[in-house]
Amino acid sequence: MKLILGLGNPGSKYNGSRHNIGFDAIDEILTRHQLEMTEQKFRSDYTIWHRNGERVLLMKPFTYMNLSGEALLPTMSYYGIDIDDILVIHDDLDLDPGRVRFRKKGSSGGQNGVKSIIDMLGTNEFKRAKIGIGRPQGGWKVVDHVLARFTAEDRILVDDAVDQTVDAIEAWLDGKDFQHVMSEYNK
C-alpha cells in the first residue's frame with residue numbers, strides 16, 4: 001500500500017492559497033480518476049484508490065499545516081505502511097512558482113508541515129514532491145505570502161506544476177523507480 005499525503009490547511013478560506021498546493025495536487029488526482037474523499041479518520045479526509053492491483057491512500061489532513069505529522073503517523077501505523085511507500089506533496093518557498101522538485105530525503109526547509117512529519121517519524125528520509133510558490137515580494141511576511149492566493153500569472157504556472165506532479169506520481173505508482181521519476185521530472 002502506498003500513501004500520498006497532500007499538505008494544506010482545511011476550510012474554504014484557505015482554498016487556492018499557496019500553502020494549499022498539496023491539497024490542490026490531491027484534488028487533481030481525484031478529478032483525473034473520478035474519485036472522491038470517502039473517509040474521515042486520523043484527523044484527515046482520505047480515500048483508498050485501487051491502481052494496478054495496489055491500494056493507494058490519498059490523504060488531506062485537517063490538522064492544519066503545522067501538525068501534519070499527527071495525521072500521518074497514526075495512518076501509517078494503522079495500515080502498516082512503510083516509510084518507503086509514502087510521498088508528501090507540499091509548497092516550497094525556495095522554488096519559483098511552477099517549479100517542481102522531487103526528493104527522497106532532506107530537511108524541512110522551514111516548511112512547518114514537513115517539520116511536523118520529520119518530528120513525528122523521527123527521520124527526514126521520505127519521498128516528497130515540492131511545488132514552488134516563490135518568496136514573498138514587496139515587504140510581505142512569509143506567513144502572509146503562504147496564506148495568500150496566487151497571482152493570475154503564477155496560477156497558470158502552478159496549475160501546470162500540479163499537472164506535472166500528478167503525472168510523476170502516476171509514473172511512480174505505475175512502477176517507475178523513484179530515482180527515475182526524479183531524473184525525468186526534476187527539470
Side-chain angles (χ1 to χ4, degrees), residues 1-51 54-93 102-131 133 142-150 158 162 165-166 168-170 172-173:
M1 182 176 213
K2 296 215 179 348
L3 189 156
I4 313 295
L5 175 70
L7 299 189
N9 286 312
S12 60
K13 80 178 197 175
Y14 297 108
N15 288 348
S17 71
R18 290 178 176 96
H19 228 13
N20 274 33
I21 201 72
F23 281 11
D24 292 350
I26 294 293
D27 289 342
E28 176 60 22
I29 295 170
L30 296 171
T31 298
R32 278 190 193 187
H33 300 281
Q34 293 97 38
L35 301 168
E36 57 186 55
M37 292 297 189
T38 58
E39 305 292 330
Q40 281 192 336
K41 194 173 187 177
F42 314 112
R43 299 173 66 192
S44 299
D45 290 322
Y46 73 95
T47 195
I48 296 177
W49 174 31
H50 296 273
R51 183 175 175 94
E54 183 169 37
R55 294 182 310 157
V56 180
L57 194 147
L58 303 172
M59 184 174 172
K60 293 170 33 176
F62 47 76
T63 57
Y64 289 89
M65 180 66 75
N66 295 355
L67 301 176
S68 297
E70 293 181 10
L72 177 61
L73 188 60
T75 306
M76 290 174 64
S77 178
Y78 181 83
Y79 284 104
I81 300 170
D82 189 79
I83 197 162
D84 290 335
D85 292 322
I86 69 166
L87 177 102
V88 177
I89 309 166
H90 64 89
D91 60 291
D92 191 303
L93 286 165
F102 289 87
R103 293 284 184 251
K104 287 185 176 181
K105 63 181 180 177
S107 73
S108 70
Q111 213 286 357
N112 287 330
V114 175
K115 182 182 182 317
S116 171
I117 291 168
I118 291 169
D119 290 347
M120 291 298 289
L121 297 180
T123 183
N124 68 357
E125 296 189 16
F126 54 89
K127 295 172 186 72
R128 52 198 86 181
K130 306 185 318 179
I131 302 174
I133 63 167
V142 169
V143 68
D144 295 329
H145 177 71
V146 300
L147 295 178
R149 287 172 175 69
F150 291 99
V158 168
V162 167
T165 300
V166 173
I169 290 169
E170 289 172 344
W172 177 56
L173 294 174

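What you see below is based on every heavy atom in this structure, not just the backbone, and it leaves out hydrogens, waters and symmetry mates. Computed from a prediction, not measured in an experiment: that's the story for all the values here.
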Please, which pairs that meet salt bridge (Lys or Arg N to Asp or Glu O under 4.0 Å) have at least one residue in [range], sequence neighbours excluded?
| range | answer |
| --- | --- |
| residues 102-118 | Lys115-Asp119 |
| residues 68-80 | Arg43-Glu70 |
| residues 2-18 | Lys2-Glu54, Lys2-Asp85 |

Check against side chain to side chain contact (heavy atoms under 4.5 Å, CB included), Leu58 and Leu3: CA-CA 6 Å; Leu58 303 172; Leu3 189 156; over 6 Å; no
The criterion is side chain to side chain contact (heavy atoms under 4.5 Å, CB included); which residues satisfy it with [X], sequence neighbours excluded?
| X | answer |
| --- | --- |
| Ser44 | Met59, Pro61, Ala71 |
| Asn15 | Ser12 |
| Tyr64 | Asn9, Pro10, Tyr14 |
| Ile118 | Ser108, Val114, Asn124, Phe126 |

Quick check for you: to the nearest 0.5 Å, what is the distance between [X] atom [atom1] and [Y] atom [atom2]?
| X | Y | atom1 | atom2 | answer |
| --- | --- | --- | --- | --- |
| Leu93 | His145 | CG | NE2 | 5.5 Å |
| His50 | Leu35 | NE2 | CG | 10.0 Å |
| Leu72 | Ile83 | CG | CD1 | 8.0 Å |

Report the residues that fulfil salt bridge (Lys or Arg N to Asp or Glu O under 4.0 Å) with [X], sequence neighbours left out, ordered by chain and then residue number.
| X | result |
| --- | --- |
| Glu125 | none |
| Asp27 | Lys60 |
| Asp91 | none |
| Arg149 | none |

Flag the pair [X] / [Y] as yes when at least one side-chain heavy-atom distance between them is below 4.5 Å, and no otherwise.
| X | Y | value |
| --- | --- | --- |
| Leu87 | Trp172 | yes |
| Ile117 | Leu73 | no |
| Asn66 | Ser116 | no |
| Trp49 | Arg55 | no |
| Thr165 | Phe102 | yes |
| Tyr79 | Ile48 | yes |
| Leu7 | Val88 | yes |

Output, in order, the C-alpha distance, side-chain angles, deciding distance and verdict of side chain to side chain contact (heavy atoms under 4.5 Å, CB included) for Asp24 and Ile131. CA-CA 11 Å; Asp24 292 350; Ile131 302 174; over 6 Å; no
Can you run down the side chain to side chain donor-acceptor pair (under 3.5 Å) pairs that involve residues 31-40, sequence neighbours left out, and say none if there aren't any? Glu28-Arg32, Arg32-Asp167, Arg32-Glu170, His33-Glu170, Thr38-Thr47, Gln40-Asp45
At their closest point, which heavy atom of Gly8 faces which heavy atom of Phe23, and how far apart are they? N-CE1, 3.3 Å
Shortest non-hydrogen contact between Phe150 and Ile133, atoms and distance: CZ-CG2, 3.7 Å
Name the orientation class of the two ring planes belonging to Tyr78 and Phe42 (parallel below 30°, tilted from 30 to 60°, perpendicular beyond 60°). tilted
List the steps and the verdict of side chain to side chain contact (heavy atoms under 4.5 Å, CB included) for Met1 and Leu57. CA-CA 7 Å; Met1 182 176 213; Leu57 194 147; 4.0 Å; yes
What verdict does the side chain to side chain contact (heavy atoms under 4.5 Å, CB included) test give for Met76 and Asp82, after you've listed the backbone C-alpha separation in whole Å, the side-chain angles of each residue and the deciding distance to 0.1 Å? CA-CA 7 Å; Met76 290 174 64; Asp82 189 79; over 6 Å; no
